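Please read these numbers as outputs of a predicted model, since none were measured by experiment. Order of the sequence lines fixes the chain letters, A, B, ..., with proteins taken first and strands second; residue numbering starts at 1 for each chain.
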Amino acid sequence: MTMTTQLNTQSGIAGNRKFKLPPEVSIALVLLGIILVFELLGWIINDQSFIFNFDRIKIIILQMSVIGIIAIGVNIIIITGGIDLSSGSLVAVTAVVGASIAQASDFPMALFPSLTDLPWIYPLLLGTLIGLIAGIINGSLIAFTGIPPFIATLGMMVAARGFAKWYSGGMPVSGLTDSFAWLGSGANPVFIFLILAAVFHILLRYTRFGKFTYAIGSNRQAATVSGINVNRHLIIIYTIAGVLSGIAGVLTAARAVSGQSSMGNMYELDAIAAVVIGGTSLQGGLGRISGTVFGILILGVMMSGFTFIRIDSYYQEMVKGIIIVVAVVADQYRNKKRRA
Amino acid sequence: MIANHDALETKSGTTSDGIPLLEISNIHKAFPGVIALNDVKLTLKAGTVHALMGENGAGKSTLMKIIAGIYMPDKGEIRLKGVTVKMTKPLDAQIAGISMIHQELNLMSYMTVSENIWLGREPKSRLGFVDHEEMYRITQDLFDELHISVDPRAETQTLSVALRQMVEIAKAVSFHSDILIMDEPTSALTEPEVAHLFEIIRKLKNEGRGIIYITHKMNEIFEIADELSVFRDGQYIATCSSQEVSRDDIIKMMVGRDITDLFPKQIVPIGRTILKVSDLGLQGVFSGISFELHAGEILGLAGLVGSGRSNVAETIFGITPATSGTIEIDGKEVRISNCRQAMDHGMALLTEDRKDTGCFLGLDLLANMEAPVLSHRYVKIGFVETKRLYDDSLRMANRLRVKTPSLFETMLNLSGGNQQKVLIARWLLTEPKILILDEPTRGIDVGAKAEIHRLISELASQGAAILMISSEMPEILGMSDRIVVMHEGRATGILDRKDATQVAIMDLAAK
Ligand SMILES: Nc1ncnc2c1ncn2[C@@H]1O[C@H](COP(=O)(O)OP(=O)(O)OP(=O)(O)O)[C@@H](O)[C@H]1O
Ligand SMILES: [Mg+2]
């Protein structure tokens with residue numbers, strides 16, 4: 001009897017937010033676990049520490065920050081239920097084109113002798129602009145022709161790689177200025193990655209733009225009926241991803257002090273892997289940038305760890321493949337649990 | 001463990017004609033933060049219809065999903081013809097002779113009607129391929145037997161919600177199960193289909209099958225049910241014969257207090273014309289629709305399935321822009337080619353199919369409520385005013401008595417009726433000038449229904465203009481100032497409140 005009366009007097013929904021562990025915590029724990037395993041293996045195999053090695057941490061973070069920048073855009077796209085396969089190829093295009101206006105005047109083989117000795121901002125802006133145009137093309141194709149994002153960006157992936165090879169004539173674009181090299185030096189790429197991650201994390205969580213992104217990914221028809229201009233929103237999102245790929249491409253060239261058409265190979269897959277590992281659902285409607293940052297770190301630590309315990313790079317690729325599949329299976333399982 | 005509500009308890013389960021088809025006892029089921037079922041029981045006898053009643057979130061669907069092998073109970077016993085069974089997956093239940101019509105439509109849009117019905121059970125040719133001709137033939141046989149006129153080859157997405165519901169019913173029957181569970185099968189049907197469904201149910205009953213029937217429509221109970229059980233807040237309240245209880249008894253058992261069933265409409269002065277539709281048409285669907293909608297007015301839109309009621313609403317709201325005719329708002333002609341434009345003119349539309357065009361099932365309640373209103377309010381330089389929006393959403397959700405642990409609960413975890421309330425709250429938050437409601441109280445319990453009617457009435461008294469589609473006669477007769485009746489894409493008449501009767505509407509609807 002007491003129970004019944006209690007239930008009847010219960011009035012309405014609790015106004016205060018109950019504390020729930022953020023989803024990032026579990027991903028962070030996975031990261032910690034992986035680090036511990038390598039630390040242990042490190043002492044067994046190499047007789048040295050894995051993680052208490054500043055150089056190694058620096059290399060992991062530097063390497064992954066470029067892919068991290070791409071992964072931010074890929075994450076937003078996957079939240080809408082789409083996919084972007086073109087980011088790696090866009091890195092190649094913007095690396096060679098960016099580098100071509102970053103050459104020094106004392107370099108005899110400059111592609112554009114009249115456009116030499118420019119400060120770093122020019123190649124960066126040009127790379128961004130190219131990424132923007134490619135993104136608009138991706139987005140418009142998807143929004144207006146209704147072809148699946150997989151196909152649209154696959155086309156862009158192949159075409160952009162071809163463009164990069166044609167533009168550079170298959171040769172590295174070198175002889176770059178010190179100003180340009182500075183852009184990719186030290187911790188600059190890391191800073192840029194972290195700033196972008198913070199900006200887009202806030203954008204997704206606290207702005208109308210972000211709320212609409214999740215709505216579209218969750219139920220496109222319902223989003224349309226709710227007055228959201230889905231086509232325009234998708235174009236903007238693919239454009240953002242293009243711009244981020246452009247920035248990543250210029251940074252890649254700056255870090256290597258050379259632009260090459262082979263750059264960014266398979267980056268799109270690394271980015272997708274990081275996003276999925278970071279807890280974003282391929283079904284759309286679910287995911288956070290903070291999760292992706294952890295996803296990136298997990299990927300970086302694993303690759304670095306395999307090298308550290310001297311596992312052949314072939315095995316590394318295989319293991320990477322397995323990790324992606326496991327992450328997707330985990331996502332399916334989570335979905336099922338939410339449904340049950 | 002729980003004290004019995006012995007006052008209303010009647011003797012059940014001890015039938016003279018032997019063992020009941022289904023006997024469940026002592027069932028418990030908890031979800032994170034919610035006890036969905038707490039020590040419930042149910043007994044279904046062969047050849048009877050057993051109605052299950054209870055408020056939104058009482059646990060009806062959860063219990064049915066346990067019987068159908070979709071959820072596992074935390075505790076409890078299920079006996080089929082006296083034998084205790086343990087079902088861990090839907091297939092177990094199917095083999096045991098149980099089939100279920102779910103509360104939400106579950107057909108695959110891009111597959112044909114036949115493919116949907118025989119999914120996983122397709123007739124095969126000798127080489128092991130699906131024999132499509134045979135499949136169409138057996139579907140046609142099934143439809144003939146049930147008197148359903150749907151083309152077995154039609155793609156499901158071309159069917160109206162009501163016809164899709166009929167296909168679901170045919171599918172459930174096609175298993176030839178001993179036990180059929182029907183979870184609110186009539187929430188999207190108009191009177192003729194309901195009558196049709198009842199015929200099917202009577203036929204099944206005569207064949208000795210047992211049917212568990214869930215509904216929020218009281219009059220259906222007395223027409224079709226032999227027995228009924230009532231649940232409240234996950235607890236078993238009572239079982240009785242439907243002959244020996246009154247409507248008020250049932251409501252009292254459901255909500256635990258006396259309530260007025262239908263909210264009496266407030267009569268408010270009718271103001272200026274807000275929306276004027278002239279000769280509106282959508283190629284191949286409807287044409288020549290004209291009416292005026294005034295401030296303070298509730299205009300009912302009635303008609304049978306396929307009459308084009310929902311299409312008119314969708315066209316006015318810009319989902320399917322009109323191909324002919326004009327729309328005037330506040331005396332000015334406007335062009336509406338998408339939903340955003342309609343919203344800019346102060347319109348709101350609650351759509352009929354909450355799963356397809358309503359809910360963001362994977363998102364939380366707050367995200368579900370805020371989507372449209374963010375286009376106009378609660379945003380400063382792109383940033384959402386989280387606190388203010390949360391407070392207003394919470395107030396609205398409480399007003400509509402949404403039953404949930406918090407606004408951060410995932411929409412998917414809510415009961416059907418509570419999802420519907422969230423969607424109504426979504427559109428009320430936009431403070432619309434013109435509110436279009438397509439089956440607003442679909443799946444909503446009696447108590448909450450009265451509250452929603454009160455809200456609609458109140459909105460009208462504040463000067464909003466309301467266009468309401470409903471298949472429920474008492475609702476449309478009780479709420480509307482005037483009623484437009486449609487038949488096969490044309491308006492066949494407009495009735496004034498004083499002339500409107502069920503007969504008058506049905507006359508025009510069948511013209
Ligand atoms: N998967 C789930 N996760 C969490 N809570 C759930 C889940 N499914 C149901 N619930 C909760 O269990 C309770 C009972 O839900 P159920 O769907 O059985 O209600 P119902 O009686 O069918 O209501 P309605 O008349 O609205 O359809 C509700 O409070 C609901 O929020
Ligand atoms: Mg239900």
* **Stepwise ring-ring contact (aromatic ring centres under 6.0 Å, His included) test for A:Y206 and A:H201** => CA-CA 8 Å; A:Y206 302 106; A:H201 182 77; 7.1 Å; no
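Using a cutoff of 4.0 Å between basic side-chain nitrogens and carboxylate oxygens, B:D391 and B:R388 are not scored as salt-bridged. Salt-bridge formation is detected for the pair B:D356/B:R164: a Lys NZ or Arg NE/NH1/NH2 atom is positioned less than 4.0 Å from an Asp or Glu carboxylate oxygen. With respect to B:R377 and B:E385, no salt bridge is recorded, no charged nitrogen being found less than 4.0 Å from a carboxylate O.
Between chain B and the options A:A215, A:A223, A:G285, A:G217, the largest number of non-hydrogen pairs under 4.5 Å is found for A:A215.
Contact annotation for B:V379: only side-chain heavy atoms (C-beta onward) come within less than 4.5 Å of a heavy atom of chain A. Both the backbone and the side chain of B:L374 come within contact range of chain A, with heavy atoms under 4.5 Å apart. With a 4.5 Å cut-off on non-hydrogen atoms, B:E314 does not touch chain A at all. Proximity to chain A is limited to the side chain of B:R426, based on heavy atoms less than 4.5 angstrom apart. The contact between B:A371 and chain A is made by backbone and side chain atoms together, counting heavy-atom distances below 4.5 Å. Both the backbone and the side chain of B:S375 come within less than 4.5 Å of a heavy atom in chain A.
Taking the six-membered ring where the residue is Trp, the centroids of B:Y390 and B:Y378 are separated by 6.0 Å or more.
Exactly one of A:I137, A:V243, A:I136, A:I142 qualifies for a side chain to side chain contact (heavy atoms under 4.5 Å, CB included) with A:Y238. That residue is A:I142.
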